[in-house]
Each structure stands twice: as C-alpha cells, then as structure tokens.
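Below: the structure, in structure tokens.
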Amino acid sequence: MLHPLDIKYYLSWKGERKELAASITIGRHLENDLVFAGEDVLDYHLRIEATNRGPRVYPLGEASLTLNGAHKEEPVSLIIGDILEVGQNALAITAEFDELPEADEWWLYGSDDNTTYKLTGEMSVGRDNHSDIFIPDDHISRGHARFRTETKVVWLQDLDSANGTYVNGERLVGGCRLFHGDEVAFDAIRFQLVGKGADLTPVRKHESSPNQPLIKDMPRGPLDTTEISVVNPDDRALIVPADTAATGAFFLGASDPVNGLVFRIGIGRTTIGRDENCDIVVKDLTVSIRHAEIVRRPEGCTISNLMATNGTRVNDRQVQNAELCDGDVLCLGQVRLIFKNVPVSKPDSGVLRYVRWVMLAGSLVLAGLVVWLLLD
C-alpha cells in the first residue's frame, strides 16, 4: 500500500538545513544539489531519495558512506536521528509534519495474542535480557533492532541482525517508517503494528496457515511497493536495431515496446521509469515507476538503480551503480536499451588537406607579387 508523503525530511548540519526533495545529489561538483569540498568527497558522492517510508541513500560510483559511525557500501534506508558523514560533515536526518498523524498510541501485538507492547520513545529489540522487547530465541540477535516513536510516528531500524528484520515480508536494510496494520517480523517472530485513534479503521489480524511461512525469505533490498510484473529474462529477446544517424549520448531501443526509438541524454541527471514525470518514459509493466537515473558529465555517463523491483542490469550484470560505455546493453526489467556515445563527425581529412594546399599556394603567389612590385 502506498501512503502520502505527509512528512518533510531534512538534512541538518552546522546550523544549515536542506530539504530532501524527491531526489538530491551530494558531492564536490558544482552541479550537485548539495556541494561539499574535501579530498575524500567525490565529484558525485551520494544520492538521497525521499519516499513514503523515509529517505534512502545511494553511494554513487566508487563512493562509500558512513552511517552512524559504520561503513556502508550499499544503499541504505534511513530514519530520523541517523547521522551521515560526507567528508568532514555530519548530516543529521530530521523531519517535520505537514499535518499531525492520526494515531494517538501505537501497540505491537504478537502472533500468539498474549504478547503486547506499547511503543514509546526508543525501544530495543533482541535476545539480550535488558532489551525493551525481549525475544528469547536463538535466531534473534542480542541487539536485533530498535523502534523509535516520535511525534506519534513510528520508525523501525534493523541493527545489522544476522537473520534480518522484515516489514510486510520485505527485509530491511537500514530502517523505515511504519504504518497502521504493518506486519513486522524479527527472523520468524512476527508482530503486527496497530495504531489507536478515532479516525483509524480497525485492522484484521494477519493469519497464516500451518504450511505457510510467516515471512518471505527475501534478498536484501529496498522496500518497493510498485505494482509490477516479475521478469522472465527469456521472454524478450534482444533486437539489434538498424544504424542511426544520431550523435552524442543516447539510448537506442532494442526490445518491445521501445524497439528502434532514440532517447537522448543531456548533461546532468536523467530519470528513466514508467512515471510520466520521468525524463525518459518507458510504458512497460516490468519497469518500475522510477527505475534508474543517468548522470552525464563531460568525462562520461553513470547509471544508478533506484527503487526498482526488477533491478537494473548492464550487459546482463546486476548493478547498483555503473559506468556506461558505448555499446553497453541496459536492461530495465524486460526492456532492453543500447547505450551509444557517438562523437560528432569531423570534416573529411582529405578536404582539409586540399584547403590547406590552396591557402598555401595563395600565400606564395601573394608573396611573389609583393617581391615583384618591390623590385620593379
């Protein structure tokens, strides 16, 4: 279920504050939305996206990030209070509400109906005896996860647990905002989050049959609620398009429904997805609403996977960030595009040589005429 973006998220540092719009980039290049200098800051270092579940940060190119003092190399979802380090700058995640949430209280109900917890402030989850939510199970880490409740909103963060924290069957990498009726699981120990408020519709308790697992064993990845078709790589073959006269950087459609179409890429950022607001719109059910982003600079092009259910592949290799070279095959779901970077053709060298000889001959004739006039 998609929820409205009723929260404005911000980056705060040294008395400064920057709102997290749909997508911002951070780096030392002046084209970034937020510019930081420093030898350990890349030209294009990070990208942060605001979603209905909270912000998500993506390292760009060869960049890595430090979150709450821990080194990370893959995309991570954020909650309020998280601290991102970019060079010498510590950026705190803060939030403001457009309107107050509808829940007055939040309760966590265990699947056995006998375990309930009222969520207030910050509460730890784990196998440690001192945990606020104590789960005496060998598959639960001592410090497994934590809840944070602030201004009547609940966030959940996994603490790099061995067997994972799940929200509605999806494994968390980092943390996210929770909503009324969400199912939360720590390994296979399942709970349901219920808000209490006058305007909230009571939720039906989640049930599972004895043969149905409590959670899906999902790979680590972002929460993506896009309604989307699952990819079968064999369904759509690569179609080699005819040569085109186009020059510069562009994508050439190489499968249905984009076969033969040319999508030009300008300097800066270009988004690709199913949404009409993307710079390149691909109407295909295997493509996510905002699937990928291209960053074109004078020195080359890079692609970054966004919150794409079916992932982004370059030459059949799953990537999060990658450099693009002329001839690379990009796969978005089942849609295939060939990246082209064709330099503008230069005038024929033979013509240039002819022009140079004519100019030289003219110069010699002129010089001879001047000498003859002087001697006459």
Side-chain angles (χ1 to χ4, degrees), residues 7-14 16-28 32-95 122-126 141-150 153-167 170-178 184 186 219-224 293 304-307 319-321:
I7 299 180
K8 290 182 179 179
Y9 291 97
Y10 295 88
L11 289 175
S12 301
W13 75 101
K14 297 180 181 178
E16 302 286 335
R17 191 171 76 159
K18 172 74 174 178
E19 182 178 353
L20 292 176
S23 177
I24 70 167
T25 59
I26 301 175
R28 64 186 180 192
N32 288 286
D33 302 292
L34 194 54
V35 179
F36 289 122
E39 294 182 357
D40 49 354
V41 179
L42 300 184
D43 285 346
Y44 297 87
H45 199 90
L46 302 175
R47 184 181 71 257
I48 305 179
E49 294 199 344
T51 75
N52 65 308
R53 290 281 181 178
R56 185 167 175 80
V57 58
Y58 299 81
L60 298 177
E62 299 299 320
S64 60
L65 61 93
T66 301
L67 175 62
N68 302 326
H71 180 77
K72 306 287 184 180
E73 295 184 349
E74 296 183 353
V76 183
S77 296
L78 308 173
I79 68 170
I80 61 169
D82 279 344
I83 304 294
L84 276 175
E85 295 180 26
V86 180
Q88 301 301 312
N89 301 280
L91 312 177
I93 307 298
T94 59
E122 186 168 311
M123 299 179 66
S124 59
V125 180
S141 297
R142 291 187 179 278
H144 196 104
R146 71 181 179 111
F147 288 96
R148 177 164 181 164
T149 306
E150 186 171 312
V153 174
V154 180
W155 285 269
L156 173 63
Q157 188 171 51
D158 181 73
L159 301 178
D160 294 325
S161 62
N163 291 311
T165 299
Y166 297 79
V167 175
E170 303 285 339
R171 185 166 182 169
L172 278 182
V173 180
C176 75
R177 179 187 178 182
L178 298 179
V184 175
F186 308 103
R220 298 180 72 91
L223 294 174
D224 187 351
E293 181 180 75
S304 298
N305 180 62
L306 299 181
M307 298 184 73
V319 300
Q320 188 61 49
N321 300 284

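Between Leu84 and Ile26 the shortest side-chain heavy-atom distance does not fall below 4.5 Å. The shortest distance between side-chain heavy atoms of Leu20 and Leu11 falls below 4.5 Å. Counting only heavy atoms from C-beta outward, the side chains of Asp82 and Gln157 approach each other to under 4.5 Å. When side chains are defined from C-beta on, Glu19 counts as touching Lys8, because their heavy atoms get closer than 4.5 Å. Contact of the Lys72 side chain with the Asp160 side chain is registered, since non-hydrogen atoms from C-beta on lie closer than 4.5 Å. Contact annotation: the side chain of Pro55 approaches that of Tyr9 to within less than 4.5 Å [non-hydrogen atoms, C-beta and beyond]. Contact check for Cys176 versus Val167: side-chain heavy atoms found under the 4.5 Å cut-off. For the pair Leu46/Leu34, no side-chain contact is recorded, criterion being any heavy-atom separation below 4.5 Å from C-beta on.
Rounding to the nearest 0.5 angstrom, the gap separating the CD atom in Glu85 from the CG atom in Asn68 is 9.0 Å. Here the CZ-CE distance, from Phe147 to Met123, works out to 8.0 Å after rounding to the nearest 0.5 Å. Taken to the nearest 0.5 Å, the CG atom of Asp158 stands 9.0 Å off from the OH atom of Tyr166. Atom CZ in Arg142 sits 13.0 Å away from atom OG in Ser124 (nearest 0.5 Å). Separating the CD1 atom in Ile7 from the CZ atom in Arg53 is a distance of 11.5 Å, to the nearest 0.5 Å. In this structure, the separation between CD on Glu73 and CG on Leu65 is 9.0 Å, given to the nearest 0.5 Å.
A donor and an acceptor atom, one from each side chain of Arg56 and Ser77, are located under 3.5 Å apart.
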Discussion item. Would Leu60 and Leu42 count as a side-chain contact (heavy atoms from CB on, under 4.5 Å) here? Give the steps.
Written reply: CA-CA 9 Å; Leu60 298 177; Leu42 300 184; over 6 Å; no
- prompt: What's the verdict on side-chain contact (heavy atoms from CB on, under 4.5 Å) for Asn305 and Val319, showing C-alpha distance, side-chain angles and the deciding distance?
  reply: CA-CA 7 Å; Asn305 180 62; Val319 300; 5.8 Å; no
Checking Ile79 against Ile93 for the side-chain contact (heavy atoms from CB on, under 4.5 Å) test, could you report, in this order, the C-alpha distance in whole Å, the side-chain angles of both residues, the deciding distance, and whether it holds? CA-CA 7 Å; Ile79 68 170; Ile93 307 298; over 6 Å; no
For this session: Could you walk me through whether Ile48 and Lys18 pass the side-chain contact (heavy atoms from CB on, under 4.5 Å) test, one step at a time?
Result: CA-CA 12 Å; Ile48 305 179; Lys18 172 74 174 178; over 6 Å; no
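Across Ile83 and Ala92, no two heavy atoms sit closer than the pair CD1-CB, 3.5 Å. Nearest approach of His144 to Gly164, heavy atoms of both residues: NE2-O, 2.9 Å. Nearest heavy-atom pair, Ala63 versus Pro59, reported as atom, atom and distance to 0.1 Å: O-CB, 3.3 Å. Contact between Leu156 and Ala145 at its shortest, heavy atoms only, is CD1-CB, 4.1 Å.
Side-chain atoms of Thr66 never come within 3.5 Å of backbone atoms of Gly69 as a donor-acceptor pair (strictly under, hydrogens ignored). Not a single donor-acceptor pair under 3.5 Å links the side chain of His45 to the backbone N or O of Thr25. No donor-acceptor pair closer than 3.5 Å links the side chain of Glu49 to the backbone N or O of Ser23. Listed for the Arg28 side chain is no donor-acceptor partner under 3.5 Å among the backbone atoms of Phe36. Put simply, the side chain of Asp43 never gets that close to the backbone of Gly27: no donor and acceptor are under 3.5 Å apart.
Residues meeting the side chain to side chain contact (heavy atoms under 4.5 Å, CB included) test with Glu150, sequence neighbours left out: Ile80, Arg148, Trp155.
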